[in-house]
Student: 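Below: one structure in structure tokens.
Letters go in sequence order (proteins before strands), and every chain restarts at 1.
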Amino acid sequence: MRGFIIKEFYHIFRDVRTMIILFGMPVIQILLFGFALTNEIRNARIAVLDHSKDDVTTEIISRITSSGYFILDEYLESEEQIEDLFRKGKIKEVIIFEENFAEKLVKDKTAGIQIIGDASDPNTANLLANYTNAIIKDYQAGMLLNQASIPMVITPEPKMLFNPELKGVFMFVPGIITILLMLVCAMMTSISIAKEKELGTMEILLVSPLKPLQIILGKVTPYILLSLINALTILALGYFVFGMPMRGNIVLLLLETILFIIMALSMGILISTIAKTQQVALMVSLAGLMLPTILLSGFIFPVENMPWALRTLSNIMPSKWFIIIIKNIMLKGIDITYIWKETLILVFMTLFFITLSVKNFKIRLA
Amino acid sequence: MTNDHHIIEVENLVKKFGSFVANDHLNFYVKRGEIFGFLGANGAGKTTAIKILCGLWKPTSGRIQVAGFDVYKETEKIKRNIGYMSQKFSLYEDMTIAENFTFYGGIYGMRMPGIRKKMSFFLEKLGIVEYKDRVISDLPLGWKQKLAFSIAIMHDPAIVFLDEPTSGVDPLTRRQFWDMIYEAAHDGITVFLTTHYMDEAEYCERVSIMVDGRIEALGTPSEQKKQFGAESMEEVFIRLARKQ
């Protein structure tokens, strides 16, 4: 048994491709996703429709343009221009000040600014609206200091065009952990077992006194260890590089991770019982596991926006439940009493796949 | 019925897959220390029979004993007492010679000192001691094959099953390989092999020829040639195969 595991590590450490997938991929993916999704937006082009054109609006506009985030492209004259402008695609945001802005601010203590974003790119639109909001709030705070006696409220009113729900995905860390665990556990084990079949060494192992269960355990143990290391690396990168919060219990998170790893491994074994060659194993895991994981788990595309059929289908994706669990533990700091349902679903899925794969493995022998 | 000199005894072995009969009432025995050739065209049922003898598959019916153990109940004991080498050589290409010895010795429950002793014995015999730490993929095919055979018999099995061990190697290497087989047989290991080379059938002490799931001929090469009035085993084989 020990010799078996050592042998498996030789295979892993001596194959450059395996090493790259195992250790290069997590780091590259997280950095790529991390910076691609959180990079600050600079020099976004905006337009302003100022119905008031007074001192206050001029001051706010100059603050916005001097922030470095925005470039004022043009002043508009009427609302009709807005839609057309967005269709051209150059302008990312339009800021509208209502009539008699300064006057209302003094008289009614409140005045409105409308922020219209081009939400065909929801993440950008959201970010820009937040920046604008922050700048206006900042200005307001300064005003309050100067005229301490009269509290005044400017109410920015963001409005998203084209995608009103704006459920973007910033929570890439859970998604990447899920995808990588799936990749490492399911794909790598299925390929490595298929490889033994292809090379004929599986035959020798089966003829040897080793029991089928020992063969399976020997093959998967190294991958359990390596994928745990991987998961921890991603968590550490997420935490230290991107400031991903870790509000919940880390032990609970690790236990859930191990559960998911075992599930993915049993899926990998199942695939390897079907696949005769490494190529087939690769194709099946890519098409059957990776794509559904990426597309249906809610990692990139929000499940809420999917048609009914796909939404139902996403329920049988183990990764969907795992992503919910990680998000809840990391972002909300929730304990097991709130996620026992998701955990139970994962446990059942794990048992299902283990039973199926061990049964299948035996059938292939007989 | 059980004969002490018979290391493999097969009586009325039948193996069916659904309605297809892969092995149709096979009867044969293999003597201890013998080199037994198990011939047959592709699809004749050789592989099925070997898998049953190795304890991988259960027969449908029949009484089969391998190394004194029953194939229905004592497959674990059978597995401990046999060695197996397939046409694919089955060494791990990305591991060194020493690592392969260690691994395969380990799965047969051998301890490190025993493994080291066996390894230096075989490497000295092959004259490649200094290549101990070379990765298998760097070695020539002939060496791989001899190493695979050495590893298949390193745990001193009673029987070694060789499934087309010489396919795809050059005549000289085949010759040297047969020297190793003879040596193993001389040391008391029974050799049970399948081959496609009919000249190799002549090297066997006894040969069985399977056609369509049945054993059509069984005996020493010279007996069979006499029986069929043939010049060579090749002729015997072709006549049997044509008959169908």
Student: Of the backbone (N, CA, C, O) and the side chain (C-beta and beyond), which part of B:Phe103 lies under 4.5 Å from a heavy atom of chain A, both, or neither?
Tutor: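 Interface part for B:Phe103: side chain.
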Student: Taking atom NZ of B:Lys125 as the centre, report whether more than 12 heavy atoms of other residues, nucleotides or ligands fall under 6.0 Å from it.
Tutor: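 Yes, because the 6.0 Å sphere around NZ of B:Lys125 holds more than 12 heavy atoms from other groups.
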Student: Tell me which pairs pass salt bridge (charged side-chain N to carboxylate O under 4.0 Å, His left out) where either residue lies in residues 31-57 of chain B, with sequence neighbours left out.
Tutor: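 Residue pairs passing salt bridge (charged side-chain N to carboxylate O under 4.0 Å, His left out), neighbours aside: B:Glu34-B:Arg206, B:Lys46-B:Glu164.
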Student: For B:Lys77, look at atom NZ and say whether over 12 heavy atoms of other residues, nucleotides or ligands are found less than 6.0 Å away.
Tutor: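 It does not: B:Lys77 NZ has 12 such atoms or fewer within range.
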Student: Counting heavy atoms not belonging to B:Met112, are there more than 12 under 6.0 Å from its CE?
Tutor: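 Yes, enclosed.
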Student: Within this structure, what is the OG-CE distance for the pair B:Ser86 and A:Met202, rounded to the nearest 0.5 Å?
Tutor: 13.0 Å
Student: Quick one: what part of B:Ile78 sits under 4.5 Å from any heavy atom of chain A, side chain, backbone, both or neither?
Tutor: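 Neither part; nothing is under 4.5 Å.
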Student: Calculate, to the nearest 0.5 Å, the distance between atoms CG and CD belonging to A:Leu210 and B:Glu76 respectively.
Tutor: 9.5 Å
Student: Please flag which part of A:Glu198 lies under 4.5 Å from any non-hydrogen atom of chain B: side chain, backbone, both or neither.
Tutor: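 Looking at A:Glu198, just its backbone touches chain B.
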Student: Output a table of donor-acceptor pairs, distance under 3.5 Å, between side-chain atoms of residues 129-138 of chain B and any protein atom two or more places apart or on a different chain; print 'none' if there are none.
Tutor:
residue: B:Ser137; atom: OG; partner: B:Glu93; partner atom: O; Å: 3.4

Student: With side chains defined as the heavy atoms from C-beta onward, is the minimum distance between B:Phe161 and A:Val207 less than 4.5 Å?
Tutor: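 With C-beta onward as the side chain, the pair stays apart.
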Student: Heavy-atom distance under 4.5 Å between the side chains of A:Arg14 and B:Tyr92, does that happen here?
Tutor: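 They are not in contact (no side-chain heavy atoms under 4.5 Å apart), so the answer is no.
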Student: Quick check: are there more than 12 heavy atoms from other residues, nucleotides or ligands sitting under 6.0 Å from CZ of A:Phe348?
Tutor: no
Student: Calculate, to the nearest 0.5 Å, the distance between atoms CD1 and CD belonging to B:Ile107 and A:Gln214 respectively.
Tutor: 10.0 Å
Student: Heavy-atom distance under 4.5 Å between the side chains of B:Met95 and A:Lys7, does that happen here?
Tutor: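 Yes, side chains in contact.
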Student: Take atom CZ of A:Phe352 as the centre, draw a 6.0 Å sphere, and report whether it contains more than 12 heavy atoms from other residues, nucleotides or ligands.
Tutor: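 No.
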Student: At their closest point, which heavy atom of A:His11 faces which heavy atom of B:Asp94, and how far apart are they?
Tutor: ND1-OD2, 2.8 Å
Student: How close do B:Tyr108 and A:Ser208 get, heavy atom to heavy atom, and via which atoms?
Tutor: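 Smallest interatomic distance, heavy atoms only, reads OH-CA, 3.6 Å.
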Student: Rounded to the nearest 0.5 Å, what's the gap from CD on A:Glu203 to CE on B:Met85? Could you check?
Tutor: 11.5 Å
